[in-house]
There are 2 protein chains.
Amino acid sequence: MSDAPTAMPALPDFLCFAAYSTGHAFNRLYKPLLEAMGLTYPQYLVMVQLWAEDDQTVGALGGRLFLESNTLTPLIKRLEASGFVTRRRDPADERQVRVVLTAAGRALEAQAQSVPGCIFEATGLTLDEIQRLTRDLTTLRDRLLAGGT
Amino acid sequence: MSDAPTAMPALPDFLCFAAYSTGHAFNRLYKPLLEAMGLTYPQYLVMVQLWAEDDQTVGALGGRLFLESNTLTPLIKRLEASGFVTRRRDPADERQVRVVLTAAGRALEAQAQSVPGCIFEATGLTLDEIQRLTRDLTTLRDRLLAGGT
DNA sequence: CACGATTAAATCGTGTGCGATTTAACTAGC
DNA sequence: GCTAGTTAAATCGCACACGATTTAATCGTG
């Protein structure tokens, strides 16, 4: 095993800070694009999932986003208030709430088509570089989540 | 230039989501370590800066963290309430507030010595891999921040 | 069938992030 | 040396995150 750092490193050397600040930088870049559609970034992530597969439970959405109902319930209620989704208890299991797109929610996908391209341009990276970085980060994230257990 | 994606990709393919979720995973890993010291993760980032150089203005701290006074002022007030820093107007320029470590704040650095090592272990990466990923993310972040102008 | 254990959402409180505005202090130009 | 413009913090409102708890529904075992 390599040596762990002993002295306190400087801020720019923190991998955690690089991830933290890059996440916020993405959020700032997305904000004006999504604001035009009436979405926040976490709301956009929920919509992306519903566009891929409609009629999902809160738990299923949260499982892929690594978020729980304490965060998702109010977020989805705001999506409902905006008219993009409806929420209803699953008749087969009343514990679960199923989230379903409205016509307006489905229509939003067309407007969102240009968003990934805009973000891609701003990264200044090639598709290969993006894929590698995404893979590396995903691996790291899964290790961190496993280590926290 | 490479082609930008046209169809809406799936969630795991989003680089932004990889950064977003990795940031949260780091936060969850840090939480129990920092909680024992009475800090949150953003508060820890401020303390790391003050340990490197004491007596900084809110603006200087925010410049390196990419945060503004709307976020930092209440955060630093909580650090003050916890007894780790003091805040006082700079006599030479009363617009600025200088943040200074207390004895308790300086003492906390010793307790924090083990934190980077714990995080390093959890990443499962080598120092080289960490440095490369940190560099790649920092480059990306700076491009995103520049693009948002 | 009963009943304790488990599961899914919702609720609550605290602490960020951040756009927008406000307040106070400095600076520049006349 | 006065005033317009700029700068630094602070304030305000809203939307996440998340630990902890609560509520309601289902499951498992006898």
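This one's a predicted model, so the numbers in the text were calculated from it and none came from an experiment. Each chain gets a letter, A, B and so on, in the order the sequences are listed, and its residues count up from 1. Hydrogens, waters and symmetry mates play no part in the numbers below; they use all other heavy atoms, side chains included.
In the 5' to 3' direction, nucleotides of DNA chain D lying under 4.0 Å from heavy atoms of chain B begin and end at dT7(D) to dG19(D).
Under the 4.5 Å side-chain criterion, counting only non-hydrogen atoms from C-beta, Arg78(A) is not in contact with Thr40(A). Between Leu108(B) and Leu101(B) the shortest side-chain heavy-atom distance does not fall below 4.5 Å. Inter-residue side-chain proximity for Arg143(A) and Leu125(B) is flagged as met; some heavy-atom pair is nearer than 4.5 Å.
Place Ala25(B) and Ser69(B) on DNA chain D by their nearest nucleotides, and Ser69(B) ends up nearer the 5' end. Nearest-nucleotide assignment on DNA chain C puts the 5′-proximal partner with Val58(A), out of Val58(A) and Glu68(B). Take the nearest nucleotide of DNA chain D for Gln96(B) and for His24(B): the residue whose nucleotide is more 5' is Gln96(B).
Nucleotide dG30(D): paired with dC1(C) (Watson-Crick or G-U wobble, both distances less than 3.5 Å).
Between the side chain of Asn27(A) and the base of dG17(C), no donor-acceptor pair of N or O atoms lies under 3.5 Å.
One interatomic measurement links the two molecules: CD of Glu94(B) to P of dT23(C), which rounds to 19 Å at whole-angstrom precision. When rounded to the nearest whole Å, the span between CZ of Arg28(A) and P of dA20(C) equals 14 Å. For Leu67(B) and dC18(C), the CG to P distance is 6 Å, given to the nearest whole Å. Between Phe84(B) atom CZ and dG15(C) atom P the separation is 13 Å, expressed in whole Å. One interatomic measurement links the two molecules: CZ of Arg95(B) to P of dA25(C), which rounds to 10 Å at whole-angstrom precision. Summarising the geometry, the separation between CG on Leu61(A) and C1' on dA8(C) is reported as 13 Å, rounded to the nearest angstrom.
Only Thr40(B), Pro42(B), Gln43(B), listed by number, bring a heavy atom of residues 30-51 of chain B to less than 4.0 angstrom from any atom of DNA chain C.
With respect to Asp55(A), the salt bridge (charged side-chain N to carboxylate O under 4.0 Å, His left out) criterion is satisfied by exactly one of Arg106(A), Arg98(A), Arg87(A): Arg98(A). A side-chain contact (heavy atoms from CB on, under 4.5 Å) with Ser69(B) holds for exactly one of Leu67(B), Thr73(B), Thr71(B); it is Thr73(B).
Residue Leu72(A) is out of contact with every strand shown, counting any heavy-atom pair closer than 4.0 Å. Residue Asn70(A) is in base contact, counting any heavy-atom pair closer than 4.0 Å across all strands shown. Among the protein residues, Arg87(B) comes within range of the sugar-phosphate backbone only, with heavy atoms under 4.0 Å from sugar or phosphate atoms but none that close to a base.
When every heavy atom of Phe84(B) is checked against every heavy atom of Met37(B), the shortest pair comes out as CZ-O, 3.6 Å. Of all the heavy atoms in Leu72(B) and Val58(B), the pair that sits closest is CD1-O, 3.6 Å.
Tyr41(B) has its ring centre less than 6.0 Å from the ring centre of Tyr20(A).
A chain of hydrophobic side-chain contacts below 4.5 Å, direct or via other Ile, Leu, Val, Met, Phe, Trp or Tyr residues, connects Leu127(B) to Ile119(B).
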